Amino acid sequence: ELPENWTDTRETLLEGMLFTLKYMGMTLVEQPKGEELSAAAVKRIVATAKASGKKLQKVTLKVSPRGIVLNDSGTNELIENVSIYRISYCTADKIHDKVFAYIAQNQLNENLECHAFLCPKRKMAQAVTLTVAQAFKIAFEFWQAAKEEKEKRERSLVEGEGTSSPSSDTPASPDTSAATGTLLDLEDPAKSPLTSSTNSPRLDNSTFGPNSSVNNNVVWEMDDGLDEAFSR
């Protein structure tokens, strides 16, 4: 559950919150969520990591409403970039209480994968889990605001037919999103279905995120599949 004061971290979260953890490994799972399912997956990952005897890879986890970006701490090399809507579950494991894990759908083969990370402290594992939950909540709010904005635009176009109404291609003005401070620009999800593996959205910071040309009003541009994902 999110704490009452979670909105205090909202602005920081928009930029992305960083956590330095150790990557333990990944295992495939059958279902997108579940406490017992994730606990069993974490148990397998921990056992495999111990058996290998290898030093765990130190990673930086950046959590934002866009998703999770995973970089190697030493080389800063990008390991993985997981879109927020591909993450179906995250948890601070009860038995291995310093372990944070999330379940996400692989964008290439659609497999459900559980990834586990060792945190320095139990509280850190809980903090990462809460941060991912907050990020999802914000992303969902953005999507709702964008959906309402899109419907409003479509209504005004229908009502204004025959008059000098703006064309449907006109992007929404950032000022209309003053209530939320943020706006998602969603296109037709049919153009890029979520099920297609080759055209699956790739969330890298160059194509996704606040538009630098806009001053204080952040205009978000998101992948087409988001509409369908959040609708589900």
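Residue numbers run from 1 in the order of the sequence given. A quick note: this is a predicted structure, and the numbers were derived from the prediction, not measured. Atom set for the values below is all heavy atoms of this structure, side chains included, hydrogens, waters and symmetry mates excluded.
- Remark: R66 CZ to S83 OG distance equals 11.5 Å, nearest 0.5 Å.
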**OP:** Verify side-chain contact (heavy atoms from CB on, under 4.5 Å) between L78 and V69, making sure each step is shown before the conclusion.
**Re:** CA-CA 8 Å; L78 178 71; V69 180; 3.5 Å; yes

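- Under the 4.5 Å side-chain heavy-atom criterion for ILVMFWY residues, a single connected hydrophobic cluster contains both V63 and I138.
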**OP:** Using the side-chain contact (heavy atoms from CB on, under 4.5 Å) rule, take K152 and E148 through it: C-alpha gap first, then chi angles, then the decisive distance, then the call.
**Re:** CA-CA 6 Å; K152 210 189 292 175; E148 286 166 20; 5.8 Å; no

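- A 4.5 Å side-chain heavy-atom check between Y102 and I68 finds at least one atom pair inside the cut-off.
- You'll find the side chain of V82 reaches within 4.5 Å of the side chain of I87, heavy atoms only.
- With a 4.5 Å cut-off between side-chain heavy atoms of Ile, Leu, Val, Met, Phe, Trp and Tyr, the cluster of L18 takes in none.
- When all heavy atoms are compared, the tightest approach of A92 to T129 is N-OG1, 3.4 Å.
- To the nearest 0.5 Å, the span separating NZ on K54 from CE on M24 amounts to 14.0 Å.
- For the residue pair E77/N71, the side-chain donor-acceptor check at 3.5 Å is not satisfied.
- Linking ILVMFWY residues whenever their side-chain heavy atoms come closer than 4.5 Å, directly or via other members, leaves F100 and L112 in distinct clusters.
- Between E149 and R153 the shortest side-chain heavy-atom distance falls below 4.5 Å.
- Note on ring orientation: taking the six-membered ring where Trp is involved, the planes of F140 and F136 are parallel (angle under 30°, cut-offs 30° and 60°).
- S64 places no side-chain N or O within 3.5 Å of a backbone atom of G16 that could act as its donor or acceptor partner.
- Residues V46 and V59 are members of separate hydrophobic clusters, defined by side-chain heavy-atom contacts under 4.5 angstrom among Ile, Leu, Val, Met, Phe, Trp and Tyr.
- Here the side chains of V132 and Y89 are not in contact, with every heavy-atom distance at 4.5 Å or above.
- The shortest side-chain heavy-atom distance between M124 and L21 falls under the 4.5 Å cut-off.
- Looking at L14 and P65, their side chains come closer than 4.5 Å, going by heavy atoms from C-beta outward.
- Applying the side chain to side chain donor-acceptor pair (under 3.5 Å) test to residues at least two apart or on different chains, the pairs with a partner in residues 17-35 are Y23-H115, T27-R44, E35-K94.
- Side-chain atoms of T131 and V128, non-hydrogen and from C-beta on, never get closer than 4.5 Å to each other.
- Taking the side chain as every heavy atom from C-beta outward, I79 and Q57 approach each other to under 4.5 Å.
- At a threshold of 4.0 Å, the pair E151-K147 counts as salt-bridged, since one of the basic side-chain nitrogens sits closer than that to a carboxylate oxygen.
- A donor-acceptor contact shorter than 3.5 Å is absent between the side chain of N111 and the backbone of E113.
- Checked against F117 for a side-chain contact (heavy atoms from CB on, under 4.5 Å), the options V99, L61, L56, I45 give a single hit: L61.
- By the rule that hydrophobic residues join a cluster once side-chain heavy atoms approach within less than 4.5 Å of another member, L118 and F19 end up as members of separate clusters.
- The NZ atom of K58 lies 13.0 Å from the OG1 atom of T75; values are rounded to the nearest 0.5 Å.
- Residue I103 holds its CD1 atom at 15.0 Å from CZ of R86, rounded to the nearest 0.5 Å.
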